[in-house]
Amino acid sequence: MASPMRSLLTDPSRYVQSFRLFLTNSTEHQCMREFMEGQLPAVIASIGNGKSTINILSVGGGAGEIDLLILSKVQARYPGVTIRNDVIEPSADQIFKYKERVAETSNLENVKFTWHEETAYEYESRMNSEKKSKKWDFIHMIQMLYYVKDVPATIQYFHGLLEAQAKLLIILVSGTSGWEMLWKKYGSSFPLNDLCLYVSSADIKRILDSAGLKYQLHELPSHMDITSCFIEGNKDGELLLDFLTETCEFSKTAPPELKRQVMEELRKPECSEERDGKVLFNNNLGVIVIEP
């Protein structure tokens with residue numbers, strides 16, 4: 001009998017809902033912000049040297065929270081310089097939120113935004129068919145490499161678009177995170193089809209090493225409160241479980257044995273720690289800065 005489980009990505013509105021709840025319940029953006037405040041200035045220190053326009057490409061820019069922080073750091077380093085910020089983002093809903101955020105943000109007079117409602121692969125195909133290969137001073141791919149069909153080829157393509165002093169920044173879950181434990185063990189039981197694959201900073205490191213690319217790797221500690229997942233019938237808990245397993249309505253559609261095992265796994269010290277009556281899932285991130 002075919003499993004009734006289906007990928008969360010087949011229901012875009014539920015996906016965005018579960019993703020936003022994940023952001024609310026986790027220190028995801030907080031730890032990224034700390035990195036952007038503390039370490040990004042050194043990463044971008046020479047990307048715009050001698051340039052009158054700095055070209056930035058955001059691949060999977062989402063609703064723009066982190067993008068705008070990155071832009072503020074580039075502006076601080078290169079005051080008054082024109083910045084062209086192109087965003088590749090397949091979700092119309094996220095682009096709408098991004099545009100709203102830009103409208104509410106001051107000091108963006110010198111930034112020109114262009115949004116491309118498409119996937120990274122669609123962008124690459126379109127550029128190839130238009131015989132264009134625009135070069136960029138800074139490219140970032142934050143939490144999006146799970147959604148490409150061919151990770152090494154995607155990295156290779158965007159790396160090939162870097163200017164001589166540019167950088168490519170990748171952020172995704174760390175090889176030391178609870179995601180790694182959960183997905184390495186149960187990933188094959190989740191209905192991923194071809195919309196999503198599990199990849200961590202450990203996998204990216206292997207890809208970059210085999211391609212002979214130069215990079216720095218930073219580890220960002222982060223956690224997500226998943227206490228509600230253990231309260232039967234709790235709506236937030238169900239959405240978070242969907243996000244953790246990338247499965248639509250996991251609690252209702254997963255075979256009981258798989259559900260039992262996953263719930264058990266989530267409580268193990270490899271995945272989570274229990275603190276002050278809360279279950280905190282290890283959401284550590286890996287940040288990889290790649291040289292041209």
Side-chain angles (χ1 to χ4, degrees), residues 29 31-89 98 101-102 105-116 120 123-124 127 132-145 148 151-172 201 204-205 207-209 211-220 285-292:
H29 275 179
C31 80
M32 282 188 203
R33 275 194 289 271
E34 284 166 14
F35 175 84
M36 301 303 170
E37 295 290 348
Q39 283 141 302
L40 187 68
V43 172
I44 59 165
S46 59
I47 60 166
N49 289 1
K51 305 211 163 211
S52 56
T53 302
I54 295 173
N55 295 303
I56 299 177
L57 181 61
S58 162
V59 187
E65 300 96 327
I66 302 298
D67 284 24
L68 293 190
L69 183 55
I70 290 173
L71 286 169
S72 73
K73 296 298 161 201
V74 176
Q75 286 177 311
R77 172 66 187 89
Y78 297 101
V81 172
T82 301
I83 299 171
R84 202 184 134 185
N85 189 69
D86 278 43
V87 182
I88 300 170
E89 170 54 56
Y98 196 136
R101 187 167 269 113
V102 167
T105 306
S106 55
N107 303 331
L108 291 173
E109 298 78 21
N110 63 328
V111 184
K112 181 183 183 308
F113 289 89
T114 309
W115 286 271
H116 306 278
Y123 175 85
E124 180 182 340
M127 288 298 130
K132 285 182 185 161
S133 64
K134 182 168 167 42
K135 297 279 189 182
W136 302 89
D137 301 305
F138 188 53
I139 300 177
H140 54 88
M141 314 172 84
I142 298 176
Q143 291 290 41
M144 57 69 64
L145 281 171
V148 304
V151 176
T154 301
I155 293 175
Q156 192 182 354
Y157 171 74
F158 286 103
H159 181 264
L161 304 181
L162 292 177
E163 289 278 20
Q165 49 208 16
K167 297 276 191 286
L168 170 57
L169 175 90
I170 292 175
I171 302 184
L172 76 178
S201 62
I204 302 302
K205 191 176 175 327
I207 291 167
L208 298 177
D209 286 340
L213 295 177
K214 273 182 63 178
Y215 62 91
Q216 297 94 41
L217 181 57
H218 307 263
E219 186 84 6
L220 309 185
L285 302 176
V287 177
I288 301 154
V289 180
I290 310 172
E291 306 289 329

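One is the number of the first residue; the rest follow in order along the sequence.
Using a 4.5 Å cut-off on side-chain heavy atoms (C-beta onward), Val151 and Ile204 make contact. The side-chain heavy atoms of Val81 and Lys51, taken from C-beta on, include no pair separated by under 4.5 Å. Proximity of Ile70 to Ile142: side-chain heavy atoms (C-beta onward) are separated by under 4.5 Å at one or more points. Using a 4.5 Å heavy-atom cutoff, the side chains of Leu108 and Phe113 are in contact. You'll find the side chain of Glu37 reaches within 4.5 Å of the side chain of Lys73, heavy atoms only. Contact annotation: the side chain of Ile83 approaches that of Gln75 to within less than 4.5 Å [non-hydrogen atoms, C-beta and beyond]. Using a 4.5 Å cut-off on side-chain heavy atoms (C-beta onward), Tyr98 and Glu89 make no contact.
Going from atom CD1 of Ile288 over to atom CG of Leu145 covers 8.5 Å, rounded to the nearest 0.5 Å. The CG atom of Leu71 sits 4.5 Å away from atom CG of Asn85, with the distance rounded to the nearest 0.5 Å. Distance CG/Asp67 to CZ/Arg101: 10.0 Å, rounded to 0.5 Å. Interatomic distance, NE2 of His159 versus CE of Met141, reported as 11.5 Å (0.5 Å rounding). Note that OG of Ser58 is 10.0 Å distant from CH2 of Trp136, once rounded to the nearest 0.5 Å. Separating the CZ atom in Arg77 from the CD1 atom in Ile44 is a distance of 8.0 Å, to the nearest 0.5 Å.
Counted within 6.0 Å of NZ on Lys134, heavy atoms from surrounding residues, nucleotides or ligands total more than 12; the atom is thus considered enclosed.
Checking side-chain atoms of Lys167 against main-chain N and O of Asp137 turns up no donor-acceptor pair under 3.5 Å. Remark: the backbone N or O of Asn55 is not paired with any side-chain donor or acceptor of Glu163 at under 3.5 angstrom. Within the 3.5 Å criterion, the main-chain N or O of Thr53 finds no donor-acceptor partner in the side chain of Arg84. Although no hydrogens or angles enter the test, the distance criterion places a donor-acceptor pair under 3.5 Å between the side chain of Gln165 and the main chain of Asn49. The main-chain N or O of Thr114 is never found under 3.5 Å from a side-chain atom of Asp86 such that the two would form a donor-acceptor pair.
Pro152 pairs by the side-chain contact (heavy atoms from CB on, under 4.5 Å) definition with Asp150, Ile207, not counting sequence neighbours.
Heavy atoms only, all atoms of each residue included: Ala120 and Ile88 are closest at N-CG2, 3.9 Å. Heavy-atom minimum distance, Ser201 versus Gly286: CB-CA, 4.0 Å. Closest heavy-atom contact between Asn110 and Gly80: ND2-C, 4.0 Å. When all heavy atoms of Ile66 and Met36 are compared, the closest pair comes out as CG2-CE, 3.6 Å. Across Tyr78 and Ile47, no two heavy atoms sit closer than the pair OH-N, 3.4 Å.
The closest side-chain donor-acceptor pair between Glu291 and Gln216 falls under 3.5 angstrom.
Ring pair Tyr123/Phe158 is parallel by interplanar angle, where below 30° counts as parallel and above 60° as perpendicular. Using the six-membered ring where Trp is involved, His140 and Phe138 have ring planes that are tilted, between 30° and 60° apart.
Applying side-chain contact (heavy atoms from CB on, under 4.5 Å) to Ile290 and the options Leu168, Leu169, Leu217, Leu162 leaves one that passes, Leu168.
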